[in-house]
2 protein chains.
Amino acid sequence: MKTSKQELERRMSHFKDVCRNAELKLTRQRLEIFREVAQTGDHPDADGVHRRVRKRIPTVSLDTVYRTLWLLKDLGLITTLGFHHNRSRFDANLVDHHHFVCIRCGSTQDFYSNEFDALRLTETLKSIGSVEAVNVEVRGVCRKCRSKRTK
Amino acid sequence: MKTSKQELERRMSHFKDVCRNAELKLTRQRLEIFREVAQTGDHPDADGVHRRVRKRIPTVSLDTVYRTLWLLKDLGLITTLGFHHNRSRFDANLVDHHHFVCIRCGSTQDFYSNEFDALRLTETLKSIGSVEAVNVEVRGVCRKCRSKRTK
DNA sequence: GTTTATGCAAAACCTTTGCATTTTG
DNA sequence: CAAAATGCAAAGGTTTTGCATAAAC
C-alpha cells in the first residue's frame, strides 16, 4: 500500500524539521533516500532503496544509502524490521502496527488491530525486563503465493 | 532456561525418527549439532553452535554446521528467529511461544502466554493470506542490562 | 560397494570504513 | 570558508559452494 500524498508530505516535513534540529545538512541524497522509504508501503532493503533512488540520482552510492538509513534510524525517523535473506529492511511507518510476512516470497504487509495493540503484558513478562514495544508477527502464505500453487 | 533431560530425550528421538524417514544419514556431526540446539534455552547463531560442538568434535567445520542447521529447518525440527547483528539464530523449541528481545544486549528469552496464544485473527488479516503462525515479539531492556545502567 | 556427508578452501554476499573530493549552510 | 557528507575502493564479517576425501548404510 503506497503512502498517500498527504501523509508523505507530513513525513517529509517532519524529516526536515528533525534534520534542522540536529544540525544535519539537508543533502539531495538524504532527501531522496528518505522520500523513497517514506513513499513506499513495502519494506525495502538497502539495495532496493539504492536501486530506486538511482533513478533520480544516478551517481548515488550504496554506502551513502546505508549511512543515511542508519542515520534515519538513529533519529527515530524510520525503524528496521526483521531480516529476509540476510538483509535489513526499513520502514517509515511510525504508527503502531503489525506485520504479515509471507513465508514463500518474503513480502511483508502492514496491518492494524485494536485487539493486538491492547495486549496486556503478563506478570511473567514484566519480570523479564522493561517493555518498549510489542509487535505481532504473523507468518503465513500471502494471496498471490496461494493462487500460484493451489494444490 | 536449559531443556530438561526428559524433553531433550524426546527431541533427540524425534530427530532420529525424522532422519530415518527422510533417508538421511545419522552422522555424528548431525547428532551433536542438533543436540546442541535442542539442549540450550538460548537461541544461538551458527558460530555459537560451531564453537560448542567443537568441544565434542574438534574437527567439525563451520560450513557443516550451516548445512546441518538449514537442513534441520527444512525438516521442521528447528526454526529460525529474527537476526541480531546480522546473524541468523536457531531455536529447537517447537511449542507455541513468544520472544522477549533485549534491545541492548540482544539476548532473547522465551515466554508463554495464554492470552497471546488466543489472539483472534481479524478479518483484515484473513484477507491478506492464510496464517500459519502468530508470534509476538516484545522488545525492551532485560533485567541485567537495566541494572547495568540505572540512571 | 554405493551413496551421501564432510572438510577444506575459495567465493559470494551484505555491510562498513578510510580517505580524498565535493557540497552545504 | 569551515564543517560535514559523498563516492570510491578496499576491507570486514557472515554465509554459501565446488570438489576431493571420508563415512554411513
Side-chain angles (χ1 to χ4, degrees), chain A residues 15-37 43-75 77-78 80-90 106, chain B residues 15-37 43-75 77-78 80-90 106:
Chain A
F15 159 68
K16 288 173 192 165
D17 286 352
V18 171
C19 282
R20 270 191 284 268
N21 242 290
E23 298 185 334
L24 287 165
K25 296 182 175 173
L26 267 174
T27 62
R28 196 163 161 234
Q29 286 86 338
R30 281 181 181 161
L31 264 158
E32 294 301 340
I33 288 166
F34 178 74
R35 191 203 307 284
E36 202 48 61
V37 182
H43 306 79
D45 55 34
D47 192 58
V49 175
H50 184 223
R51 240 188 343 264
R52 295 186 221 171
V53 169
R54 230 179 345 187
K55 288 180 186 166
R56 299 179 173 206
I57 315 176
T59 57
V60 71
S61 67
L62 181 58
D63 51 294
T64 295
V65 172
Y66 273 109
R67 273 190 282 236
T68 305
L69 289 170
W70 296 128
L71 174 70
L72 293 170
K73 188 185 175 180
D74 281 351
L75 293 169
L77 289 162
I78 63 174
T80 49
L81 58 133
F83 294 48
H84 190 248
H85 290 320
N86 270 356
R87 292 189 185 99
S88 307
R89 303 169 71 198
F90 302 87
Chain B
F15 159 69
K16 288 174 192 166
D17 285 354
V18 171
C19 283
R20 270 190 285 267
N21 241 291
E23 297 185 337
L24 288 165
K25 294 182 176 172
L26 268 176
T27 62
R28 198 166 157 229
Q29 286 86 336
R30 282 181 180 161
L31 265 157
E32 294 301 338
I33 289 166
F34 178 74
R35 191 202 307 283
E36 201 48 60
V37 183
H43 307 80
D45 56 32
D47 192 58
V49 175
H50 183 223
R51 238 186 349 260
R52 296 186 220 170
V53 169
R54 226 175 353 182
K55 288 179 188 166
R56 299 180 174 206
I57 315 177
T59 57
V60 71
S61 67
L62 182 58
D63 51 292
T64 295
V65 171
Y66 273 109
R67 273 190 283 236
T68 304
L69 288 171
W70 296 130
L71 174 72
L72 293 170
K73 188 185 174 178
D74 282 351
L75 293 170
L77 289 163
I78 64 175
T80 50
L81 59 134
F83 293 48
H84 190 248
H85 291 321
N86 273 352
R87 293 191 184 98
S88 306
R89 303 170 70 200
F90 303 87

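The sequence lines fix the lettering, A, B, ..., with proteins before strands; numbering per chain opens at 1. In this text the structure is predicted, and so the values were computed from the model without any measurement.
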Just checking Leu62(B): base, sugar-phosphate only, or nothing, at a heavy-atom cut-off of under 4.0 Å?
base
Ser88(A) vs dC14(C): side-chain N/O to OP1/OP2 distance below 4.0 Å:
no
Indicate, with a heavy-atom threshold strictly under 4.0 Å, whether Arg67(B) touches base, sugar-phosphate, or nothing.
base
Heavy-atom closest pair, residues Leu62(B) and Ala46(B):
CD1-O, 4.1 Å
Report the distance from atom CG of Leu71(A) to atom C1' of dT6(D), rounded to the nearest whole Å.
13 Å
dA3(D) base to Lys25(A) side chain: any donor-acceptor pair below 3.5 Å?
yes
Rounded distance in Å - CZ (Arg54(A)) to P (dG7(D)):
11 Å
Mapping Leu24(A) and Arg87(B) onto DNA chain D by nearest heavy atom, which one lands closer to the 5' end?
Leu24(A)
Report yes if some heavy atom in the side chain of His85(A) is under 4.5 Å from a heavy atom in the side chain of Asp45(A); otherwise report no.
no
Protein-nucleotide distance (Trp70(A), atom CH2; dT17(C), atom P), rounded to Å
12 Å
In whole Å, what is the span from the CG atom of Asp45(A) to the C1' atom of dC14(C)?
10 Å
Below the 4.0 Å mark, does dA5(C) have OP1 or OP2 next to a side-chain nitrogen or oxygen of Thr27(B)?
no
Compare the minimum distances between each of dA5(C), dG7(D), dG7(C) and the side chain of Ser61(B), then state the nucleotide with the smallest one.
dG7(C)
Does a side-chain heavy-atom distance below 4.5 Å link Leu69(B) with Val37(B)?
yes
If you go through the side-chain atoms of Arg20(A), does one of them form a donor-acceptor pair with the base of dG25(C) closer than 3.5 Å?
no
Is any side-chain heavy atom of Leu31(B) closer than 4.5 Å to one of Phe15(B)?
yes
Give a yes or no on whether a donor-acceptor pair under 3.5 Å exists between the nucleobase atoms of dC8(D), that is its base, and the side chain of Asp63(A).
yes
Atom NE2 of His50(A) and atom C1' of dT6(D): how far apart are they, to the nearest Å?
12 Å
Would you mind reading off the distance between Ile57(A) atom CD1 and dG7(D) atom P, rounded to a whole angstrom?
7 Å
Which sits closer to the 5' end of DNA chain D, Ala46(B) or Leu26(B), going by the nucleotide each is nearest to?
Ala46(B)
Find the distance Leu31(A):CG to dT24(C):C1' and express it as a whole number of Å.
12 Å
Among the candidates dA5(C), dC25(D), dG7(C), find the nucleotide nearest to the side-chain atoms of Thr59(B).
dG7(C)
Round to a whole Å and report the spacing from CD of Glu32(A) to C1' of dT23(C).
16 Å
On the 0 to 90° scale, with breaks at 30° and 60°, tag the Trp70(A)-Phe90(A) ring pair as parallel, tilted or perpendicular.
perpendicular
Let me confirm one number: the CD-NZ distance from Glu32(B) to Lys55(B), rounded to the nearest 0.5 Å.
13.0 Å
At under 4.0 Å, does any side-chain N or O of Gln29(B) touch on OP1 or OP2 of dA24(D)?
no
I want to confirm an ordering. Mapping Glu23(B) and Arg28(A) to their closest nucleotides on DNA chain C, which one lands closer to the 5' end?
Glu23(B)
